[in-house]
> 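First, the structure itself, so that you have it in front of you.
Keep in mind that this is a model prediction, so the values were computed, not measured. Numbering of ligands and ligand atoms starts at 1, following listing order.
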Amino acid sequence: MKESAASVHRTVSHDLPLSREFEAFMAAGWAPSPLAGDVRLPVAGLTPARRARLSARFPGERLIVPAGELRVRSNDCDHRFRPHSAYAWLTGLTGEEQAGHVLVMEPDGPHGHEAVLYVRPRSPRTDAGFHRDRRYGEFWVGRRPDLAEAERMTGIRCADLEGRGTPPGRDTFADAELASALSELRLVKDAWEVGQLQLAVDHTAAGFEDVVRSLPQALTHPRGERWIEGVFGLRARAEGNGTGYETIAAAGAHACVLHWIRNDGPLDPRQLLLLDAGVETDSLYTADITRTLPLSGRFSPVQRQVYELVLAAQEAGIAALRPGARFRDFHRAAMRVIAEGLTEWGVLKSPEGDFHRRYTLCSSGHMLGLDVHDCAQARATAYLDGVLEEGQVLTVEPGLYLQPDDETLPVELRGIGVRIEDDLVITAEGARMMSGALPRTPDAIEAWMGALAEGH
Ligand code: GLY
Ligand code: MN
Ligand code: MN
């Protein structure tokens, strides 16, 4: 039987078979196309010190830090790929083409390590993968560096992923000790990282302005929350890699659902909108900011009352930030204000105990960096039970979530959710607010919304 073209080269259901003549035609007639200019990553000068700190923690052991694998979204469509944060931090590589790549730290004598980066290099034009491979082929998904280019980009020795084998070693995805070490090493940010986080915050502030400008249109849409998510997402994709986490666009009582990401509700001008969103830069650092805004542009008296209490709690939390303070201190300070406020309102009999948590639930902040909940594998001694250090970046984000069906609350308070979330870097003296470009007080928010509505 004559071999069919389709059996020679596998194609998918809707692709026409390829002939050998076509393959031969495709293999020739291409000019060389090296990457032009200086391809060295801006962060390449910083990653050797990061790897050296990791190396010092695991003398004599092989360390395996994969970027992660592509995941199928449906049929032959993959989810957009974002490399693991530890891999990005150690190599400086952040793009979608990192899928499947692996950094290996090979023990080099009893003390040091040699880093080797296993990558899938660009396929030569003579290799049919260039036009046939839908997942990795250059004709389908774009240019990848060859081995020499990858070495110039990173300053790390690179080898082809094919045929790497799997010698034993500690693997970030399987070894809790290695994962915690990598989380702990990332707790204090260097100046370049703080700069990237500031960039993320600045783009996020622009996204919040876009949202406020879009409110007249969003208010008319039956799924106004989704409209807002889309407007913020446009800014995030235009300026950076995308959003650092799923945007929470929660109007009215939806704001009482801590991670409301369905975003399928309408907007009512009598309600508050809780918008929790962050742009992730191309370098993969994310902001994490929440503002709670009156959809009419003006807070009602009861909305203002709830807002002012959360703001006072946030101020108390921020005032507790300084090097040497325990991580738990700012949360305690914020919750004390909430508990006292709820007692003043008659919702609680006393501020003592943890009854206030019915109305707050969530903790008041977390480390921020490459991951929105950054350094999450750090041991409690280094994070939850640890002390703050200069160069750490964190959120302070107290909230009140007054559920619409909570019979312990006066009727007028039910269904109001407020969170105020800012990003701060710990300095020698205390903390610097990174997200101060966005207004926080009710008066400032009203003035800001009013000015944006008038086209300023
Ligand atoms: N957006 C998730 C958080 O605020 O922690
Ligand atoms: Mn947060
Ligand atoms: Mn948030």
> Is the shortest heavy-atom distance from the side chain of H259 to the side chain of I248 under 4.5 Å?
yes
> Does some side-chain heavy atom of F327 sit less than 4.5 Å from a side-chain heavy atom of L384?
yes
> What atoms of ligand 1 come within less than 4.0 Å of a heavy atom belonging to E421?
4 (O)
> Show, in sequence, the C-alpha distance, side-chain angles and deciding distance for Y359 and T408, and conclude whether the side chain to side chain donor-acceptor pair (under 3.5 Å) test is met.
CA-CA 10 Å; Y359 313 101; T408 69; 2.7 Å; yes
> Between S350 and E352, do the side chains contain an N or O donor and an N or O acceptor separated by less than 3.5 Å?
no
> Look at ligand 1 and say whether V372 reaches it with a heavy atom at a distance under 4.0 Å.
no
> For E397, take its heavy atoms, then give the atoms of ligand 1 lying under 4.0 Å from any of them.
3 (C), 4 (O), 5 (O)
> Could you identify the single nearest non-hydrogen protein atom to atom 2 (C) of ligand 1 and state the distance to 0.1 Å?
H373 NE2, 3.7 Å
> Taking the six-membered ring for Trp, are H373 and H366 parallel (under 30°), tilted (30 to 60°) or perpendicular (over 60°)?
perpendicular
> Please confirm if an N, O or S atom belonging to H373, backbone or side chain, lies less than 2.8 Å from the Mn ion (ligand 2).
no
> Flag H366 as yes when one of its N or O atoms lies below 3.5 Å from any N or O atom of ligand 1, and as no otherwise.
yes
> If I take every N, O or S atom of E397, is at least one of them less than 2.8 Å from the Mn ion (ligand 3)?
no
> Suppose we measure from atom 1 (N) of ligand 1 to each protein heavy atom; which comes out shortest, and what is that distance?
D276 OD2, 3.1 Å
> Can you tell me if D288 and T395 form a side-chain donor-acceptor pair at under 3.5 Å?
no
> State whether D133 and R120 are salt-bridged, where the test is any N-O pair (Lys NZ or Arg NE/NH1/NH2 against Asp/Glu carboxylate O) under 4.0 Å.
no
> Restricting to N, O or S atoms of D288, which is nearest to the Mn ion (ligand 2)?
OD2
> Looking at the Mn ion (ligand 3), which N/O/S atom of E421 is the nearest one?
OE1
